[in-house]
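Just below is one structure, and these are the notes that go with it.
Residues take their numbers from the sequence shown, with the count starting at 1.
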Amino acid sequence: RTESSVKPRGALIVLEGLDRSGKSTQCAKLLSFLEGLGHPTELWRFPDRETSVGQMISAYLSNKSQLDDHTIHLLFSANRWEKRSLMEEKLKTGTTLIVDRYSYSGVAFSSAKGLDIDWCKAPEIGLLAPDSVLYLDISPERAAERGGYGDERYERVEFQKKVADFYQTLRDSSWKIINAGEAMEEVEKKIQEVALDKVRECTKGKPLSLLWS
Ligand code: ADP
Ligand code: DGP
Ligand code: NA
Ligand code: NA
């Protein structure tokens, strides 16, 4: 007989958006919300600058190294692949993952540089598809007003405008557009609603799927 001792799986919840849209702020708030409700939850981020690949990415972002656009694209992708099996294991053993940026950043930022969008998607095929993508929507100008950009490579309004346009072409049914120009508490409430819905769906057996289909 097939007696299942399998735990309900966790949800893969991704926050996306331009630099300064409020992703890291909201990821932290969502983590404490879900933990407070007793859901096993972890907060992850990409790029994960801790790994050796991540250190190369970090050097590139802070302009300490120069790399060909294709090369850095593949490193960002490799940085997600090196976490893929652990990601699957966590989800299947019941941990919900909140992820600060994912594959959509990969495709939007590299396409905004002029790389072919299908070429950009190719190395991302087979990564786990998010159950929910919360896109924090804000204009590049308003985002730039938030404390101003640092010295990192992509933190320029003109470039962020192109990134915003490419993000729009990547929207699919897993996306929810959140108005990120509202007060933090308002944004927080909307994110909580969507995330909790997804966590419940996954508990009830929503299957995991793969990018990009
Ligand atoms: P991201 O991770 O998307 O780059 P952050 O969460 O680091 O964005 O937020 C960028 C800055 O904007 C921080 O100084 C943060 O305190 C501020 N911020 C975040 N959300 C809001 C909001 N809803 N309204 C005003 N300022 C915000
Ligand atoms: P963050 O640590 O979230 O501030 O991200 C660092 C910067 O790197 C930010 O400007 C977005 C960009 N970025 C994130 N992921 C990718 C990716 O996969 N590819 C490219 N080209 N850029 C990315
Ligand atoms: Na940044
Ligand atoms: Na951030």
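With 3.5 Å as the limit, one finds no donor-acceptor pair spanning the side chains of S62 and E152. Between the side chains of R45 and S24, at least one donor-acceptor pair of N or O atoms lies under 3.5 Å. Judged purely by distance below 3.5 Å, without hydrogens or angles, the side chains of E16 and Y102 never pair a donor atom with an acceptor atom.
Listed by first and then second residue, the side chain to side chain donor-acceptor pair (under 3.5 Å) pairs involving residues 199-208 are D131-K206 (not counting sequence neighbours). Residue pairs that meet the salt bridge (Lys or Arg N to Asp or Glu O under 4.0 Å) test with at least one member in residues 104-119, sequence neighbours left out, are D69-K113. Pairs passing the side chain to side chain donor-acceptor pair (under 3.5 Å) check and including a residue from residues 29-44, sequence neighbours excluded, read E42-W44, E42-K90. Judged as a ring pair (Phe, Tyr, Trp, His ring centres under 6.0 Å), not a single pair has a partner in residues 180-204 (not counting sequence neighbours).
Residues T96 and K198 are not in side-chain contact: their nearest non-hydrogen atoms beyond the backbone lie 4.5 Å or more apart. Counting heavy atoms from C-beta on, the side chains of S110 and F166 never come closer than 4.5 Å.
Listed by chain and number, the residues in a side-chain contact (heavy atoms from CB on, under 4.5 Å) with T71 are L67, D68 (sequence neighbours excluded). For Y154, the ring pair (Phe, Tyr, Trp, His ring centres under 6.0 Å) criterion is met by F109, F159, not counting sequence neighbours. By the side-chain contact (heavy atoms from CB on, under 4.5 Å) test, A59 is found to be paired with K64, S65, residues two or more places apart in sequence or in another chain being considered. Among residues two or more places apart in sequence or in another chain, the side-chain contact (heavy atoms from CB on, under 4.5 Å) test is passed with S173 by none. The ring pair (Phe, Tyr, Trp, His ring centres under 6.0 Å) search around W175 returns Y104, Y135, not counting sequence neighbours.
With rounding to the nearest 0.5 angstrom, the CD atom of E188 is 6.5 Å from the CD atom of E185. Separating the CD1 atom in I117 from the OG1 atom in T169 is a distance of 4.0 Å, to the nearest 0.5 Å.
Ion pairing between K162 and E158 fails under the 4.0 Å rule for side-chain N and carboxylate O. A salt bridge is absent between R20 and E145; no separation between the charged side-chain nitrogens and carboxylate oxygens falls under 4.0 Å. E186 and K189 are joined by a salt bridge, as a carboxylate oxygen and a charged side-chain nitrogen come within less than 4.0 angstrom of each other. A salt bridge between D19 and R101 is present, with a side-chain N of the basic residue lying under 4.0 Å from a carboxylate O of the acidic one.
Other residues sharing a hydrophobic cluster with W119 under the 4.5 Å side-chain heavy-atom criterion for ILVMFWY residues are L74, L115. In this structure, L31 shares a hydrophobic cluster with I13, L15, L30, F33, L34, L37, L43, I98, L134, L136, I178, V187, I191, V194, L196, V199, the cluster being traced through Ile, Leu, Val, Met, Phe, Trp and Tyr side chains under 4.5 angstrom apart. Other residues sharing the hydrophobic cluster of Y149, ordered by chain and number and joined by side-chain separations under 4.5 Å: V157.
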